[in-house]
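Working notes for the structure below.
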Protein chains: 2
Amino acid sequence: MDPLIHSLLTEIRRGNLTLAVLSQLRSPQYGYSLVQLLKELGVVIEQSTLYPLLRRLEKQKLVTSFWDKSDKRPRKYYQLSGYGEEVFHQLRKEWMKNTKKLYGVLSEGEGEHEFD
Amino acid sequence: MDPLIHSLLTEIRRGNLTLAVLSQLRSPQYGYSLVQLLKELGVVIEQSTLYPLLRRLEKQKLVTSFWDKSDKRPRKYYQLSGYGEEVFHQLRKEWMKNTKKLYGVLSEGEGEHEFD
DNA sequence: TCCTAGTACTGTATGACGTACACTATTTAT
DNA sequence: ATAAATAGTGTACGTCATACAGTACTAGGA
């Protein structure tokens, strides 16, 4: 792939990954399971991208975490905080609005409407 | 607005603005007219954001430019290059695909489908 | 006639995040 | 015994939207 296209696609992922991750933390998930879960939903994310993101979300108090060591493998679970639910709701609302607009802009001059 | 939400929305705009601008350069446009045109389409962008972006796009050879000094006001027109059209087409395709997926993810657990 | 807003552009620095990379550790499968 | 999978921590870099400073001229209003 053209390196420039790859770079531009990375920019497009910024912010979008935050939304995708927050959307799957209404119920507790641990890091590795999020990678799998999101992959099933069509959102591919590397561990090297997810863990720093989870770290930032916790720092921003959008999620909380706890260790579950009852299994042979200790796992760190993350879940939306109250504040995180509010922020997620607003972000999701803005995302829907802005994406619909950009979709309209990008659909101009093309006969097809791929969301239909 | 919560500064964190503002910051996250800025991240979401990255990449998206590139697509919006490229989409309006199939025909030549000058900077200031792009601001107005995009505003009409619901994509609000400041001059302080647009001009550096146009500069970068030209540097990346996605657009070409020429001065029109026939009017009292000299204007710098920009237009998609051949390469830019290719890149735009691919980006737009990827954006549609990825956005549809994220839309599906964000619509889970909500009864409504706002794109319908 | 003067002043402000609008029109039109150039240049530069900053903050934030996806990403790559290095690293650690244990369990499971081959 | 070894490699892959599972599960996580930490750090540095490249990129771009944004803010800010600045320049310049025209048009409109007082």
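Numbered from 1 within each chain, the chains take letters A, B, ... in sequence-line order. What you are looking at is a predicted structure, and each value in this text was computed from that prediction instead of being measured.
- Two residues, Arg56(A) and Pro52(B), neighbour DNA chain C, and the one matched to the more 5' nucleotide by heavy-atom proximity is Pro52(B).
- Remark: side-chain polar atoms of Ser65(B) are not paired, donor with acceptor, to backbone N or O of Lys76(B) under 3.5 angstrom.
- Computed from coordinates, the Ile45(B) CD1 to dA19(D) C1' distance equals 14 Å when rounded to whole Å.
- Contact check, Gln47(A) against dG10(D): no side-chain N or O comes under 4.0 Å of OP1 or OP2.
- We find that CG of Leu53(A) is positioned 18 Å from P of dT11(D), with the value rounded to whole Å.
- A close approach under 4.0 Å does not occur between any side-chain nitrogen or oxygen of Tyr51(A) and OP1 or OP2 of dT9(D).
- Between Leu57(B) atom CG and dC16(D) atom P the separation is 9 Å, expressed in whole Å.
- Near DNA chain C, meaning a heavy atom under 4.0 Å away, the residues from residues 66-75 of chain A are Lys72(A), Arg73(A).
- Atoms CD (Gln60(B)) and P (dG14(D)) sit 16 Å apart, rounded to a whole Å.
- Nearest-nucleotide mapping onto DNA chain D: of Ser48(A) and Leu4(A), the residue sitting toward the 5' end is Ser48(A).
- Taking 4.0 Å as the cutoff to heavy atoms of chain A, we find the contact window on DNA chain C bounded by dA16(C) to dT28(C).
- Distance alone, capped at 3.5 Å, places no donor-acceptor pair between the Gln79(B) side chain and the Val63(B) backbone.
- What separates NZ of Lys76(A) from P of dG8(D) is a distance of 9 Å, to the nearest Å.
- With Ser33(B) contributing its side chain and Gln29(B) its backbone, the two residues share no donor-acceptor pair below 3.5 Å.
- Under the 4.5 Å side-chain contact rule for hydrophobic residues, Leu4(B) and Leu54(A) share a cluster.
- Contacts between residues 5-18 of chain A and DNA chain C, counted as heavy-atom distances below 4.0 Å, involve Thr10(A), Arg13(A), Arg14(A), Gly15(A), Leu17(A), Thr18(A).
- A straight line from CD of Glu46(B) to C1' of dC16(D) spans 16 Å, rounded to a whole angstrom.
- Atom CD in Glu11(A) sits 11.0 Å away from atom CG in Leu91(B) (nearest 0.5 Å).
- When rounded to the nearest whole Å, the span between CG of Leu54(A) and C1' of dT9(D) equals 12 Å.
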